[in-house]
S.K.: 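One structure is given below, represented as structure tokens, and several questions about it will come after.
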Amino acid sequence: MVKQLSDYPLIKHNTFGIEATAREFVEFGSEEELVAFLGDGFKGKALVIGGGSNLLFVNDFNGTVFHSAIKGMELLPCADDDILLRVGSGVNWDELVAYTVEQGWYGLENLSAIPGEVGASAVQNVGAYGVEAGELIEIVEAISIGTAEKRVFTHDECRFSYRYSIFKDEEKRKNIITHVTYRLKKSAPFKLSYGNLNEKVQELGGETLGNVRKAVCDIRESKLPNPYRIGSAGSFFMNPVVDSTVAAGLLERYPSMPQYPLPCGDVKLSAGWMIEQCGWKATPHEHVGVYSRQALVVVNLGGAKGQDVLDFAKDVVSSVKEKFGVVLSMEVNVIE
Ligand code: EPU
């Protein structure tokens, strides 16, 4: 049965802990239920949410919020060395990662302990410790909001890149993702080259799926606030990418600036480092600040309204622009 509620409080559906309401909230447990609800297509104002770990509500949402409660996982037939796992969009992301690690399936372990749900992994192309979910996504199944028709997107059609997919671009807000199929491996080389991950894995006794998961969980716990205790949406900004000439100029002025050259020749900069250099760890606004151990994470210090967070974020962007000449883009999806 579709759950349909009016004037629904969204505080439990956004990890920032912002008080906002949805005029209507619709939760469905299967593709069939969703299609039946949409009828000939939904023409009103719609917003699809997952775990709410990347959302900032600035106002009440004067429309319909859709949330998938499609659970379950099934194995699809595929080549011997691979695992094709079709997962309901409402499955908790870290439950999926934990399950695949327990089964001895390789691929998702570096993405441990990320809040959120499976559907959003495809929209966001969530990434951490040298792996992006999109690398492992084979197929995304969705229902078109406007027509209620089924749509199937192949890996290539999703056009994944850093924190980007087609669902943030021309397919933005047009679909409700119902299932995501991941291609995992029965054996694989680990990816341990990011930061101190390898060191942590060796301290735990060496390379096993369980140790990689544990190391990632430990690193995240030491650097990032637990969104269920401190309101935040993880990284608030994206790491900016600049061309190599700009990067070289910045390195001359700031020799300790972390820089990550990309295969295309451009250079990814660390937004967290720049925000820290602008002094924001020491200068919060009244209800909003950055996390003491990771300046890329904007935190709700208690009682923040969405507008407070947005005003703070704008001040952060201005300061980074002024000091480094680099414009930060928000990773968080601002709902105004
Ligand atoms: N740094 C600072 N000060 C800070 C934060 C970072 O100096 O306050 C420096 C670090 O010392 C390091 C560099 O900046 O040299 C990069 O920091 P880190 O390894 O913590 O990663 P990040 O680039 O800040 C990205 C993702 C995170 C992900 C980590 C690990 C984005 C927007 N964020 O952060 O993703 O966990 O890498 O892969 O790409 C998220 O999306 O919510 C998220 C947490």
Side-chain angles (χ1 to χ4, degrees), residues 14-16 50-56 93-94 97 108-117 120-121 123-135 160-165 168 191-200 212-213 215-228 230-242 247 250-251 254-262 267-284 289-299 313 316-317 319-320 323-324 326-333:
N14 75 100
T15 57
F16 245 120
S53 58
N54 203 40
L55 283 179
L56 177 65
W93 175 260
D94 199 47
V97 178
L108 297 178
E109 58 279 2
N110 289 35
L111 300 175
S112 291
I114 296 177
E117 292 171 3
S121 74
V123 178
Q124 282 274 100
N125 188 14
V126 295
Y129 308 101
V131 174
E132 292 182 348
E135 295 165 31
F160 294 117
S161 63
Y162 171 63
R163 295 295 194 272
Y164 174 87
S165 75
K168 283 179 136 184
K191 290 196 179 170
L192 302 178
S193 58
Y194 188 96
N196 62 347
L197 180 56
N198 188 36
E199 194 186 312
K200 293 279 175 202
V212 176
R213 172 164 167 80
V216 169
C217 290
D218 290 351
I219 297 171
R220 287 187 75 93
E221 203 181 309
S222 71
K223 281 196 175 179
L224 298 167
N226 179 331
Y228 302 103
I230 300 176
S232 92
S235 301
F236 195 93
F237 303 98
M238 288 193 264
N239 284 328
V241 174
V242 298
L250 283 165
L251 205 55
Y254 305 101
S256 62
M257 173 183 248
Q259 295 197 345
Y260 307 91
L262 300 174
V267 179
K268 199 195 269 187
L269 306 177
S270 162
W273 184 87
M274 290 190 283
I275 296 167
E276 179 169 358
Q277 297 299 308
C278 289
W280 286 108
K281 280 188 177 172
T283 45
V290 297
Y291 190 54
S292 55
R293 285 178 259 162
Q294 166 54 291
L296 191 51
V297 177
V298 173
V299 289
V316 169
V317 172
S319 68
V320 169
K323 189 171 171 77
F324 298 99
V326 173
V327 178
L328 297 182
S329 310
M330 290 186 212
E331 193 197 342
V332 166
N333 196 0

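Counting convention: from 1, in listed order, for ligands and their atoms alike.
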S.K.: Might you point out which heavy atoms bring G134 and N125 nearest each other, and give the distance in Å?
M.R.: N-OD1, 2.7 Å

S.K.: For E135, which residues count as a salt bridge (charged side-chain N to carboxylate O under 4.0 Å, His left out) partner, sequence neighbours excluded?
M.R.: K191

S.K.: Mind checking salt bridge (charged side-chain N to carboxylate O under 4.0 Å, His left out) for E276 and listing every partner two or more places apart, or none if nothing turns up?
M.R.: K281

S.K.: Kindly print each ligand 1 N/O atom paired with any protein N/O atom under 3.5 angstrom away, one pair per line, or none if nothing qualifies.
M.R.:
from     : atom 1 : to   : atom 2 : distance (Å)
ligand 1 : 3 (N)  : E276 : OE1    : 2.7
ligand 1 : 8 (O)  : E276 : OE1    : 3.3
ligand 1 : 8 (O)  : K281 : NZ     : 3.1
ligand 1 : 8 (O)  : A295 : N      : 2.7
ligand 1 : 14 (O) : S270 : OG     : 2.7
ligand 1 : 19 (O) : Y194 : OH     : 2.7
ligand 1 : 20 (O) : K223 : NZ     : 3.4
ligand 1 : 20 (O) : Q294 : NE2    : 3.0
ligand 1 : 21 (O) : Y194 : OH     : 3.0
ligand 1 : 23 (O) : N239 : ND2    : 2.7
ligand 1 : 24 (O) : Q294 : NE2    : 3.0
ligand 1 : 33 (N) : R163 : NH2    : 3.3
ligand 1 : 33 (N) : S235 : OG     : 3.0
ligand 1 : 35 (O) : R163 : NH2    : 2.9
ligand 1 : 35 (O) : S235 : OG     : 3.4
ligand 1 : 36 (O) : R220 : NH1    : 3.4
ligand 1 : 37 (O) : Y194 : OH     : 3.4
ligand 1 : 38 (O) : Y129 : N      : 2.7
ligand 1 : 39 (O) : Y162 : OH     : 2.7
ligand 1 : 39 (O) : R163 : NH2    : 3.3
ligand 1 : 41 (O) : R163 : NH2    : 2.7
ligand 1 : 41 (O) : S235 : OG     : 3.4
ligand 1 : 41 (O) : E331 : OE1    : 3.3
ligand 1 : 42 (O) : S235 : N      : 2.8
ligand 1 : 42 (O) : S235 : OG     : 3.4

S.K.: Step through the shown structure and confirm whether more than 12 heavy atoms of other residues, nucleotides or ligands are within 6.0 Å of NZ on K168.
M.R.: yes

S.K.: Residues two or more places apart in sequence or in another chain: which of them pass salt bridge (charged side-chain N to carboxylate O under 4.0 Å, His left out) with R163?
M.R.: E331

S.K.: With the side chain counted from C-beta on, respond yes when F236 and V316 share a heavy-atom pair under 4.5 Å apart, and no when they do not.
M.R.: no

